[in-house]
Protein chains: 2
Amino acid sequence: MTQTRRRGADLEQAVYQATREILNTEGLSQLTFAKVAAKAQTSKPVIYRHWETPFSLALLAIQDKIKADNHGQLDQVVLTGESLAADLLLVTQRFTASMDAFGKTFMESWFEGVSHDDSAQLKQMLAKVRKIDLNAIDRVLERAVTRGELTGTDLPEKLKLLPFEWLRYRMLAKESIGSAELRLLVDDILVPTYLHRLGPKN
Amino acid sequence: MTQTRRRGADLEQAVYQATREILNTEGLSQLTFAKVAAKAQTSKPVIYRHWETPFSLALLAIQDKIKADNHGQLDQVVLTGESLAADLLLVTQRFTASMDAFGKTFMESWFEGVSHDDSAQLKQMLAKVRKIDLNAIDRVLERAVTRGELTGTDLPEKLKLLPFEWLRYRMLAKESIGSAELRLLVDDILVPTYLHRLGPKN
DNA sequence: CAAATAAGAAACTAAAAGTATCTTAGTGAC
DNA sequence: GTCACTAAGATACTTTTAGTTTCTTATTTG
């Protein structure tokens, strides 16, 4: 009987597929060459011959997926909005949608492989931090009200947390955070945003 | 001779200290009980008796540090600004400063333990994504200019990338992203921000 | 000072990562 | 079609690392 034996691009595809499945279900920390080989129905040496590390395999598997379903290069969205706001909504919607291919697999991976207990502890910790962040902003807003710059402190929490979340992201991505970034954040983002909601001449 | 042998809080401190050193130099993925034991000059069984997993040890070690140097509970900043912008700058400055204790150790950890090659590959990938994001926004801005909503498309890249970075953070932190969040982002953050810089009646 | 408790050393077990060897299927040249 | 070459896949092996066990002894507590 003719024992079929995959090779080349064929095999590569099977490996990438298997890799993504593991990433989605167990996360990056659980991605091992042995598991990939098993799931792709091949053997360890094959994987070791072709790829350096589980991490680089993960990157390639995700890039492969992105290439494959070109489902929404973000800059190819057809813009049909009748206003800036409408167009922006289209773009951000498409962005979150296509994050399923890239971001979800890719970013969540980092946090998978953390036990249930640990995850709970982490959540609790983040909740504590969030409360502190909110307090800090509230005090700033109250002072602004006293000064007459704002008419109230009633902002959605998401808005109040925006600066911290943005800065945390930049830290994570190792983007620079200096006085230039902070000024931009305050003068061009936060103040206009707050004034838009709570400005005196609304 | 009296062989000193640490125990209790004393030992705990040494272990936390060692844990943080490893986190800072090698990252979470390289944090093992064996290494901690070695660096803290104790033995594996001691660590195994006290802590569940390297991850939970990491969390505790960081929390310990935060408690120890109370250097700047964010909501205890003394606000001395004479304007909303000035106060906000104080808060964000303090935030980034105290990130050294929490965030830097904590967040960067996720990406450490990735080989040099892998790290480069990752960077390249993110750069590609950034370019796509910028293109998308540029097209939106150009349409807005044609429509007369904006006077130009000359925005700092950081501003253009804001929505994507914010959404990515929320994804990472497993915060919800639905139409409510997107509307908030567009109507209350992006549009006011863009108008502030490029609005027609400036 | 005696008893209880917990630290530390060392050796051990189990499991996982990584490697070497060999057989054989698929590919292409002649 | 045959032959040579390349790469897949099986198997068994070595090495490393995680996790455990046992035992000794320093330190605390009463």
Side-chain angles (χ1 to χ4, degrees), chain A residues 1-19 21-23 25-61 64 109-110 112-119, chain B residues 1-23 25-61 64 109-110 112-118:
Chain A
M1 80 161 278
T2 206
Q3 263 222 53
T4 177
R5 185 185 277 187
R6 299 157 302 178
R7 52 166 61 200
D10 225 22
L11 179 64
E12 200 177 60
Q13 268 311 113
V15 171
Y16 285 156
Q17 179 60 39
T19 301
E21 275 171 37
I22 294 171
L23 279 177
T25 54
E26 306 177 58
L28 180 68
S29 69
Q30 298 301 306
L31 184 75
T32 66
F33 280 166
K35 277 190 198 172
V36 172
K39 187 159 290 241
Q41 309 226 54
T42 180
S43 62
K44 283 200 294 174
V46 174
I47 314 290
Y48 278 95
R49 278 196 281 258
H50 286 279
W51 292 277
E52 284 293 319
T53 64
F55 182 83
S56 70
L57 171 58
L59 281 184
L60 292 170
D64 172 77
S109 286
W110 260 260
E112 297 295 349
V114 168
S115 86
H116 208 68
D117 277 4
D118 290 342
S119 173
Chain B
M1 82 162 279
T2 205
Q3 266 223 48
T4 178
R5 185 184 279 189
R6 297 157 305 177
R7 52 167 62 201
D10 226 21
L11 178 64
E12 199 176 62
Q13 268 313 112
V15 170
Y16 285 157
Q17 179 60 38
T19 301
R20 287 189 297 257
E21 276 172 36
I22 294 171
L23 279 178
T25 53
E26 306 178 56
L28 180 68
S29 69
Q30 299 301 307
L31 184 75
T32 67
F33 280 167
K35 277 189 197 170
V36 172
K39 186 159 290 241
Q41 310 225 54
T42 179
S43 63
K44 285 201 293 173
V46 174
I47 313 289
Y48 278 96
R49 279 196 282 257
H50 286 279
W51 291 277
E52 284 292 319
T53 64
F55 182 84
S56 70
L57 170 58
L59 281 184
L60 291 170
D64 171 78
S109 287
W110 261 260
E112 296 294 349
V114 168
S115 86
H116 208 66
D117 276 5
D118 290 342

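Convention: sequence-line order gives letters A, B, ...; per-chain numbering from 1.
- A donor-acceptor contact closer than 3.5 angstrom links the side chains of A/Gln17 and A/Glu21.
- A/Ile47 places its CD1 atom 13 Å from the C1' atom of C/dG18, with the value rounded to the nearest Å.
- Put simply, the side chain of A/Leu57 reaches to within 4.5 Å of the side chain of A/Val15, judged on heavy atoms.
- What separates CH2 of A/Trp51 from P of C/dG18 is a distance of 15 Å, to the nearest Å.
- Rounding to whole angstrom units, CD of residue A/Glu12 and C1' of C/dG26 are separated by 17 Å.
- A salt bridge links A/Glu26 with A/Lys35; the closest basic N to acidic carboxylate O contact falls under 4.0 Å.
- Residues B/Asp64 and B/Glu12 form no side-chain contact, since every pair of their non-hydrogen atoms from C-beta on lies 4.5 Å or further apart.
- The two residues A/Ala40 and A/Ala14 have their closest heavy-atom pair at CB-O, 3.9 Å.
- Atom-to-atom, OH of B/Tyr48 to P of D/dT20 comes out at 7 Å; the value is rounded to the nearest Å.
- In this structure, the side chains of A/Gln41 and A/Arg6 come closer than 4.5 Å at one or more pairs of heavy atoms.
- The end-to-end axis angle of the helix from C/dC1-D/dG30 to C/dA25-D/dT6, rounded to 10 degrees and based on five pairs per end, is 30°.
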>> I'd like to compare against my own output: the B/S/- annotation of nucleotides 1-17 of chain D with a strict under-4.0 Å heavy-atom distance to protein.
In response: -----BBBBBB------
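- Under the 4.5 Å side-chain criterion, counting only non-hydrogen atoms from C-beta, B/Gln30 is not in contact with B/Thr25.
- Inter-residue side-chain proximity for B/Val36 and B/Trp51 is flagged as unmet; no heavy-atom pair is nearer than 4.5 Å.
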